[in-house]
Amino acid sequence: MTTTLRFALVDCNSFYVSCERVFRPELEDVPVVVLSNNDGCVIARSDEAKALGIKMGMPYFQLKDLIKRERVEVFSSNYELYGDMSRRVVSTLSQFTPNLEIYSIDECFLDLSHLKPEEVEEWGRSVRETVKKWTGIPVSVGAAGTKTLAKLANRLAKKRAEAGGVLALHTAAETEEALRKTPVGDVWGIGRQHAKRLQQLNVTTAWDLSRMPDGWVKKNMAVTGLRTLLELRGQPCQDLELETPDKKNICTSRSFGRPLTELCDIEEALSTHTVRCATKLRRQNSCASGVTVFLMTNRFAVTEHVYCNSRTIQLPQPTNSELELLPRAMHLLKDMFRPGKRYVKVGIILNGLVPASEVQLDLFSNQNGEKHSKLMDTLDTLRQRFGHHALKYAVQGNKNEKDVEEEKRAPWMLQKKFLSSPYTTSLKGLLRIKA
DNA sequence: TCTGGGGTCCTAGGACCC
DNA sequence: TCTGGGGTCCTAGGACCC
């Protein structure tokens, strides 16, 4: 019995590592890892690095010896580069279908309804070759009747050398075999907690899960769990999301380059995050109804008392003006700050987002609102043209995150010891390739 | 010394109203 | 003095994703 192949999942292999390799081809076949912000932990690994036993999320400081011994190449994360490469991959994929969902920076769901089942493998190979040729990024393709099964097929396409990076689940027998080979914790939608619970009940594979009673799953894993269950059985519960829905919250937060004790340093960091966050808010044409600020000390500390606090206020009316948001964020921070602690992270969340057009009337009844709105437009235009640092508030300080030299950087700024060039988005980066 | 950042959805429980 | 029940809204917390 054959099933209709409705979805393909195209996933970039070790995406961040692959981005770095595009511009450093000599790193092919060499173990490579990419670190999270602040060079904290491993967030991408090449196959060679995986073979050395380096796991996702491992702290870098615990791996230093291994990295040195095995000559692992290390990169700080370079989101400017990865974002740009991601756009190139998406634009290549959109040549293959107009109906495509950007699921994450390195994954897209593609609609297959225009293909006959027997054409899917050939189509998948063509996708792989074209993306590789046009962007330099290797991808894998999984195809099936539901999104959950397409994810599962994609995982196996990566694992099975003989699949050549493309796997389609055509028949019930093929699907059953794939389900039997997938550990339950590797199913999309089954996280650590559910996996643990299921394993205790001797449900160890995706196949076992697909045989569970609906009632038990609904009761213990909510309706999202039930959707996963039905999709494993081939019954589609999720469609492509062709338009990205507006975000309901927007957050900007960073760990500090080193622990901070002074309020003024944290104010510089938080004001910079607030400006970033407000910029994201305006890009979505939204206004925020509330502001939350959070502040924390090191949660792993054993000798110090862990302090983790947050404060929220509702705004008199929704706004996206930095002039409204900044003083409120600063006030919340001062309210939480306790001297004598070593803080490691601060962040802001803008919540209760509403379309800016819906508060427009209020905005015009308030003269300040109209002025602010024009000012913010101007700021956005100038910053887009000349960069984030072109126009800043005094409270943000005068240091520039792009500066590499230690003494030119503020203490709150991220560590990025192993940063590659912004090869694709700046002239300097471009010159670095030629050299 | 050194452990990321940014989201979503669901549910339970409390507050409040009629 | 007795003291219901149903509905809605909000929030906190937990689970998940990449």
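Just so it is clear: chains get the letters A, B, ... in the order the sequence lines come, proteins before strands, and each one is counted from 1.
- Residue contacts for A:Ile105: at a heavy-atom cut-off of 4.0 Å it reaches no nucleic acid atom on any strand shown.
- Pair assignment for B:dC18: C:dG5, on the basis of Watson-Crick or G-U wobble contacts that are both within less than 3.5 Å.
- Nearest to the side chain of A:His194, among B:dG4, B:dG6, C:dC16, sits C:dC16.
- Dashed line: the shortest gap from a side-chain N or O of A:Arg254 to OP1 or OP2 of B:dG6 is under 4.0 Å.
- Of the side-chain N and O atoms in A:Arg227, none sit less than 4.0 angstrom from OP1 or OP2 of B:dC9.
- If you check every strand for non-hydrogen atoms under 4.0 Å, A:Thr252 touches sugar and phosphate atoms only.
- Going from the C1' atom of C:dG4 to that of B:dC17 covers 14 Å, rounded to whole Å.
- A:Lys151 has a side-chain polar atom (N or O) that falls below the 4.0 Å cut-off from OP1 or OP2 of C:dC18.
- Taking 4.0 angstrom as the limit, A:Lys417 places none of its side-chain polar atoms (N or O) nearer than this to OP1 or OP2 of B:dC2.
- Within the nucleic acid shown, A:Ile250 comes within 4.0 Å of sugar-phosphate atoms alone, with no base atom in reach, counting heavy atoms only.
- A donor-acceptor pair under 3.5 Å is formed between the side chain of A:Gln415 and the backbone N or O of A:Gly257.
- Nearest nucleotide to the side chain of A:Lys248, out of B:dG7, B:dG6, B:dT8: B:dT8.
- Atom NZ in A:Lys345 sits about 7 Å away from atom P in B:dG4, given to the nearest Å.
- Comparing A:Ser36 and A:Asp246, the nucleotide of DNA chain B nearest to each residue sits closer to the 5' end for A:Ser36.
- At the heavy-atom level, A:Val187 lies under 4.0 Å from the strands shown only through sugar-phosphate atoms.
- Taking the centre of each ring, A:Tyr343 and A:Trp412 stay at or above the 6.0 Å mark.
- We find that A:Arg233 and A:Asp214 are joined by a salt bridge, their nearest charged nitrogen and carboxylate oxygen being less than 4.0 Å apart.
- Checking C:dA15, B:dG4, B:dC2 against every side-chain atom of A:Asn37, the shortest atom distance belongs to B:dG4.
- Nearest nucleotide to the side chain of A:Val223, out of B:dC2, B:dG4, B:dT11: B:dT11.
- Looking at the side chain of A:Asn249, the nearest of the listed nucleotides B:dG4, B:dT8, C:dC18 is B:dT8.
- Electrostatic pairing of A:Arg409 and A:Glu401 does not count as a salt bridge here, judged by no charged N lying under 4.0 Å from a carboxylate O.
- If you check B:dC2, B:dG6, B:dG4 against the side chain of A:Asn298, the one that comes closest is B:dC2.
- Listed nucleotides: C:dC16, B:dC9, B:dG5. Nearest to the side chain of A:Gln193: C:dC16.
- Residue-nucleotide stacking is present for A:Phe300 and B:dT3, judged by a side-chain ring centre under 5.5 Å from the six-membered base ring centre and planes under 30° apart.
- Closest to the side chain of A:Ser253, from the set B:dG4, B:dC2, B:dG6, is B:dG6.
- Residue contacts for A:Arg258: at a heavy-atom cut-off of 4.0 Å it reaches no nucleic acid atom on any strand shown.
- Ring geometry for A:Tyr16 versus A:Tyr79: interplanar angle over 60°, hence perpendicular rather than tilted (30 to 60°).
- Between B:dG4 and A:Arg299, a contact under 4.0 Å exists linking OP1 or OP2 to a side-chain N or O.
- Taking every side-chain heavy atom of A:Tyr103 into account, C:dC17 is the closest of B:dG6, B:dG5, C:dC17.
- Put simply, A:Ser255 has a side-chain N or O that comes within less than 4.0 Å of OP1 or OP2 on B:dG5.
- When distances run from any side-chain atom of A:Lys280 to the nucleotides B:dG6, B:dT11, B:dG4, the shortest one goes to B:dG6.
- In this structure, a donor-acceptor pair under 3.5 Å is absent between the side chains of A:Glu324 and A:Thr319.
- Here B:dG6 presents its P atom at 19 Å from CD of A:Glu107, a figure rounded to the nearest Å.
- A:Tyr307 and A:Asn309 are linked by a side-chain donor-acceptor pair at a separation below 3.5 angstrom, with hydrogens and angles left out of the test.
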